[in-house]
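Worksheet: one structure, shown below.
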Amino acid sequence: MAEVLGVGISHWPRLRETDETFPMRLRAVLKDPALPESARDPSNWPEQMRQEWSSDEGLAAAKAHRADLLVGLRRVRAAIDDFKPDVLVMWGDDQYENFQEDAVPPFCVLGYEGPVAQNIGNAPNPWNEPGDTTFSVRTEPQIARALAAGLIESSFDVAYAYKPLHYPGLSHAFFNAVLYLDYDRTGFPYPLIPFTVNCYGSHVI
């Protein structure tokens with residue numbers, strides 16, 4: 001009988017970027033011409049929001065938030081290491097990366113042949129790693145195929161894919177999660193089966 005461990009983390013905020021990027025959404029909203037002028041004035045904001053924004057536009061709050069998130073991430077990574085899984089099945093949303101107008105499945109098991117290599121990207125990051133730093137993520141296509149077959153045989157008509165459609169690597173929900181689970185750069189030895197979830201609703205249609 002197989003053993004299963006369920007864990008969960010977020011792929012946001014952008015822990016792969018520096019603390020200065022955390023308030024990016026609020027900065028964008030404050031520049032929105034449709035925003036009422038009264039809402040631009042911090043004195044009209046809720047007390048906790050004013051405290052977090054403070055005089056440094058949220059930088060100290062971002063640092064504290066990162067520290068809190070890392071406590072949870074390290075706890076999850078320790079649980080995974082203790083469990084020693086044969087494979088990680090990871091659910092994540094695909095945000096117009098691999099799936100676009102020509103195919104938007106509600107769910108899809110990605111049984112890619114691996115390893116999947118991907119660069120960290122050129123944005124400044126907390127590890128001070130160059131943008132061409134490559135991460136290689138192992139896969140288990142045979143287990144992915146068995147998972148898809150088992151779901152279909154159980155009347156869950158899931159989609160599956162053996163190669164990428166539009167995006168050559170891992171959608172950011174998956175790649176970010178791998179980077180966060182290896183935040184301390186001890187290595188990420190576990191094979192990954194990405195399991196995408198449609199986050200568009202009917203917007204693409």
Side-chain angles (χ1 to χ4, degrees), residues 7-28 57-59 62-78 80-81 85-103 108-144 160-197 199-200:
V7 297
I9 64 170
S10 175
H11 69 278
W12 192 270
R14 297 290 291 271
L15 288 173
R16 64 188 285 186
E17 296 181 2
T18 57
D19 296 331
E20 289 81 4
T21 67
F22 276 34
M24 59 188 292
R25 299 299 187 209
L26 178 54
R27 292 193 186 108
E57 296 190 353
L59 183 58
K63 293 180 182 297
H65 189 44
R66 182 186 295 271
D68 289 341
L69 289 169
L70 290 180
V71 171
L73 284 169
R74 287 171 175 140
R75 179 183 175 192
V76 170
R77 176 59 194 265
I80 293 172
D81 289 342
D86 296 317
V87 68
L88 288 181
V89 179
M90 185 181 294
W91 283 266
D93 54 345
D94 181 275
Q95 298 181 17
Y96 206 73
E97 291 159 292
N98 189 53
F99 295 115
Q100 300 179 12
E101 284 87 349
D102 48 359
C108 188
V109 178
L110 304 184
Y112 294 172
E113 297 286 344
V116 178
Q118 196 155 333
N119 291 348
I120 193 171
N122 291 323
N125 63 73
W127 306 283
N128 294 316
E129 294 169 340
D132 60 356
T133 300
T134 300
F135 292 83
S136 183
V137 181
R138 293 172 57 203
T139 63
E140 280 288 358
Q142 295 305 317
I143 296 179
Y160 53 89
Y162 300 151
K163 61 182 181 180
L165 182 60
H166 291 288
Y167 197 77
L170 297 172
S171 300
H172 78 277
F174 303 107
F175 189 54
N176 282 1
V178 169
L179 292 179
Y180 301 169
L181 287 172
D182 191 27
Y183 194 90
D184 295 318
R185 293 298 187 263
T186 59
F188 189 78
Y190 308 108
L192 182 68
I193 298 176
F195 199 135
T196 63
V197 179
C199 67
Y200 309 125

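If you're wondering where the values come from, they're calculated on a predicted model, not measured in any experiment. Atoms considered below: every heavy atom in the structure, side chains included; atoms not considered: hydrogens, waters and symmetry mates.
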Ser136 versus Pro115, closest heavy-atom pair with distance: OG-CB, 3.1 Å
Where Tyr180 and Trp12 come nearest, the two heavy atoms and their spacing: CE1-N, 4.3 Å
Glu140 CD to Gln142 CD distance, which is reported to the nearest 0.5 Å: 8.5 Å
Straight-line distance of Thr186 OG1 to Leu181 CG, nearest 0.5 Å: 10.0 Å
Distance in Å, Met90 CE paired with His11 NE2, rounded so as to fall on 0.5 Å steps: 11.5 Å
Any side-chain heavy-atom pair of Glu101 and Tyr96 under 4.5 Å: yes
Asn119 versus Asp132, closest heavy-atom pair with distance: OD1-O, 3.6 Å
Side-chain heavy atoms of Asp102 within contact of Leu165, under 4.5 Å: yes
Shortest non-hydrogen contact from Gly92 toward Phe174: N-CE2, 3.4 Å
Closest heavy-atom pair and its distance - Tyr112, Pro164: OH-CA, 3.4 Å
Donor-acceptor contact below 3.5 Å, side chain Asn98 vs main chain His166: yes
Close side-chain approach of Leu73 to Val76, heavy-atom, < 4.5 Å: no
Pair Tyr190-Asp81, side-chain donor/acceptor within less than 3.5 Å: yes
Sidechain-backbone polar pair: Arg66 side chain, Leu15 backbone, donor-acceptor under 3.5 Å: yes
Non-neighbouring partners of Arg27 that pass side chain to side chain contact (heavy atoms under 4.5 Å, CB included), sequence neighbours left out: Pro23, Trp53, Glu57
Sub-4.5 Å side-chain heavy-atom contact between Tyr167 and Gln100: no
Approximate separation, where rounding is to 0.5 Å, of Arg16 CZ and Trp127 CH2: 7.5 Å
Listed partners of Phe195 passing ring-ring contact (aromatic ring centres under 6.0 Å, His included), at least two apart: Trp91
Identified side chain to side chain contact (heavy atoms under 4.5 Å, CB included) partner of Leu192 from the options Val116, Val87, Leu110, Leu170: Leu170
Interatomic spacing from NE2 in His65 to CZ in Phe22 - rounded to 0.5 Å: 6.0 Å
OH/Tyr160: more than 12 non-hydrogen atoms of other groups inside 6.0 Å: no
Glu129/Phe135 under side-chain contact (heavy atoms from CB on, under 4.5 Å): CA gap, chis, key distance, verdict: CA-CA 11 Å; Glu129 294 169 340; Phe135 292 83; 3.7 Å; yes
Test item: Glu97 side-chain N/O and His172 main-chain N/O as donor-acceptor pair under 3.5 Å: yes
Donor + acceptor pair across side chains of Ser171, Asp94 (<3.5 Å): yes
Test item: Arg77 and Asp182 side chains (from C-beta on) under 4.5 Å apart, heavy atoms: yes
Gly111 to Ala144 - nearest heavy-atom pair and separation: CA-CB, 3.5 Å
OG1 on Thr139 to CG on Leu88, rounded to 0.5 Å: 12.5 Å
Residue Arg74 excluded, over 12 heavy atoms near CZ under 6.0 Å: yes
